[in-house]
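The next block holds one structure in the form of structure tokens; read it before the comments.
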Amino acid sequence: MTKRHIAYLACATTLVGTVIGATPASAAHKTLVVHPGQSIQKAVNAAKAGDTVFVLAGTYRESVTVKTAGLTLRGAGPGTVIQPPKKKTKPAPHGKKAAVTCLSDGNGVCVVGGKNKPLKDVTVSDLKVTGFAKSGVFTMGTDHLTVKRVIAEHNGQWGIAQEHSTRGVFRNNTARSNGDAGIFLANNVKAEQGAKDSKGAVVDHNRLEGNRIGLTVRRLRNLAVTRNYVLGNCAGVFVVGDENKPRAGALAVSDNLVVQNNKYCPKTARLPYLQGSGIVLTGTEKSLVTRNRVTGHSGKSPLSGGIVLFKSFVGATSEKNRITANLLANNSPADLVSQEATKTGNAFTGNACRVSKPAGLC
């Protein structure tokens, strides 16, 4: 091997990586390579818009915060693991309040923009985030964020979560055994306010398994939930609204496989106990639920059943929703359940099922 080859290899494995390809220096973006034992956060801090931080396989005990537009944070696959640090963070000096960080808030990877100036075009992919007190991946104030091929498991609250954001894409992820939702999308977690237009967010081809709820969509409009495999949770898919304006809804839940979400989860301040719920709409309007296969649910919770229209606990009705062309089987107490009045404009058409409550919906 020549000295020239050796120099090239040494350069390619440095933390602050070299330009890939033959594009002009003024137009090219850098790839910053992180090796086991090095800090992902330091590489992220050094990156510029459009750069890629590539994290080699290994276990990294830290939290990572991304605040650079156009950045790609990419691992080498499931072997790239982000876990909480073993050592606890030092308390703030006496009399001073500790700054809130991604780690102190209990999260693994945070992508954070501003309320009125969203962080655009960030990608997080090909890594595992596990064991955090709150969320594996938490994002807020973003536009056109992409999270793909991420494994988020054994986190205390959410596997992958997003709020106050638009045009998010969540594709080919696995979220399993998280304390609440595997994937959680909301307008605003804390404030009681009307639904936000997500401007076409997409939740597609994810595997959501063994969580409290596979997927929660809360107070949002204009998004698509498609081709996900949702199994073994206490409840499969929740689309949640309330009486605030604009109403939640105007979205599509289609072509999902929702199977045996029969775990038992105790009641909370917001919901009764959960068991045996496939797809639940509560307090939503003008949503389309179509071409889903929903099978094998069984429970005696007020929310149990294959596809359930449930009146919100604050009294908001589900109105003008269309439940059509779904295949349902072996769901108890029924394949289709509507707890809404007949004059709310909800339509059940063309579904393949045997039992409904009230009768006549199949």
Side-chain angles (χ1 to χ4, degrees), residues 146-152 159-160 162 167-176 181-185 198-211 213-218 220-241 248-262 276-282 284-297 303 305-310 318 320-331 334-338 346-354 356 361-362:
T146 299
V147 180
K148 59 184 180 181
R149 299 186 299 276
V150 167
I151 299 173
I160 300 168
Q162 181 176 78
R167 298 193 297 169
V169 176
F170 303 85
R171 182 168 282 133
N172 295 121
N173 302 292
T174 297
R176 65 166 71 98
I183 295 180
F184 178 85
L185 306 182
S198 80
K199 298 183 180 179
V202 175
V203 183
D204 177 67
H205 266 120
N206 301 285
R207 184 182 179 98
L208 310 173
E209 179 179 9
N211 309 284
I213 301 172
L215 167 67
T216 297
V217 176
R218 180 178 166 193
L220 290 176
R221 297 176 67 85
N222 186 18
L223 70 152
V225 176
T226 62
R227 299 178 293 180
N228 300 286
Y229 186 23
V230 188
L231 71 157
N233 307 282
C234 301
V237 177
F238 254 60
V239 183
V240 182
L251 54 85
V253 179
S254 67
D255 302 287
N256 300 285
L257 180 58
V258 185
V259 180
Q260 295 180 348
N261 294 283
N262 293 326
S277 297
I279 299 172
V280 178
L281 273 62
T282 174
T284 64
E285 67 172 9
K286 300 178 182 177
S287 295
L288 173 65
V289 181
T290 186
R291 299 189 306 275
N292 300 285
R293 183 169 182 173
V294 185
T295 62
H297 297 91
L303 295 161
I307 297 177
V308 180
L309 263 63
F310 186 82
S318 294
K320 300 179 182 178
N321 299 289
R322 289 188 296 142
I323 294 85
T324 181
N326 299 283
L327 174 62
L328 304 104
N330 302 319
N331 299 293
D335 295 319
L336 296 175
V337 178
S338 179
N346 298 301
F348 294 81
T349 60
N351 299 289
C353 58
R354 296 184 62 184
S356 69
L361 299 180
C362 288

Write down the atom of A248, the atom of G241, and the distance for their closest heavy-atom approach.
CB-CA, 3.6 Å

Pairing donors with acceptors under 3.5 angstrom, does anything connect the side chains of S198 and N222?
no

L361 versus S356, closest heavy-atom pair with distance
N-OG, 3.1 Å

Please find the pair of heavy atoms, one from S287 and one from G249, that lie closest to each other, and give the distance.
OG-CA, 3.4 Å

Pair Q260-L231, side-chain contact (heavy atoms from CB on, under 4.5 Å): steps then yes or no:
CA-CA 6 Å; Q260 295 180 348; L231 71 157; 6.0 Å; no

Quick one: are L208 and I183 in side-chain contact, heavy atoms under 4.5 Å?
yes

Residue R149 excluded, over 12 heavy atoms near CZ under 6.0 Å
yes

Quick one: do I279 and V308 satisfy side-chain contact (heavy atoms from CB on, under 4.5 Å)? Show the steps, please.
CA-CA 6 Å; I279 299 172; V308 180; over 6 Å; no

Short side-chain to backbone donor-acceptor contact, N351 and I323, under 3.5 Å:
yes

Donor-acceptor pair, distance only, cut-off 3.5 Å: does the side chain of N206 make one with the backbone of N228?
no

Can you check whether H205 reaches K148 side chain to side chain, under 4.5 Å on heavy atoms?
no

Contact summary for S318 and L281, nearest pair of heavy atoms:
OG-O, 3.7 Å

Going by atom types only, do N261 and H297 share a side-chain donor-acceptor pair under 3.5 Å?
yes

Side-chain heavy atoms of D204 within contact of R171, under 4.5 Å:
yes

With sequence neighbours left out, write down each residue that passes side-chain hydrogen bond (donor to acceptor under 3.5 Å, both in side chains) with D335, or none if nothing qualifies.
N331

Let's go through F170 and Q162 carefully: what are the C-alpha distance in whole Å and the side-chain angles of both, what is the deciding distance for side-chain contact (heavy atoms from CB on, under 4.5 Å) to 0.1 Å, and is it a yes or a no?
CA-CA 10 Å; F170 303 85; Q162 181 176 78; 3.6 Å; yes

For the pair N211 (side chain) and N233 (backbone), establish whether a donor and an acceptor sit closer than 3.5 Å, ignoring hydrogens and angles.
no

Just wondering, more than 12 heavy atoms not from N330 lying within 6.0 Å of its CG?
no

Between T282 (side chain) and F310 (backbone), is there a donor-acceptor pair under 3.5 Å?
yes

Would you indicate whether the side-chain heavy atoms of V294 and L327 approach each other to under 4.5 Å?
no

Using modelled atom types only, decide if a donor and an acceptor are shared between the side chain of N326 and the backbone of A352 within a distance under 3.5 Å.
no

Could you walk me through whether V259 and Y229 pass side-chain contact (heavy atoms from CB on, under 4.5 Å), step by step?
CA-CA 8 Å; V259 180; Y229 186 23; 4.2 Å; yes

Between the side chain of D255 and the main-chain N/O of T226, is any donor-acceptor distance below 3.5 Å?
no

Does any part of the side chain of L185, heavy atoms only, come nearer than 4.5 Å to the side chain of L223, both counted from C-beta?
yes

Shortest non-hydrogen contact between V289 and N292, atoms and distance:
CG1-ND2, 3.4 Å

With a 4.5 Å cut-off on side-chain heavy atoms, are V239 and L251 touching?
yes

N173 side chain to V147 backbone, donor-acceptor under 3.5 Å:
yes

Quick one: does I151's side chain get under 4.5 Å of R176's, heavy atoms only?
yes

Close side-chain approach of V240 and T284, heavy atoms under 4.5 Å:
no

For L303, is there any backbone N or O sitting under 3.5 Å from a side-chain donor or acceptor partner on S277?
yes

For residues T349 and T324, is any side-chain donor paired with an opposing acceptor at under 3.5 Å?
yes

Over all heavy atoms of both residues, which pair between A325 and T290 is shortest? Give the atoms and the distance, please.
CB-OG1, 3.9 Å

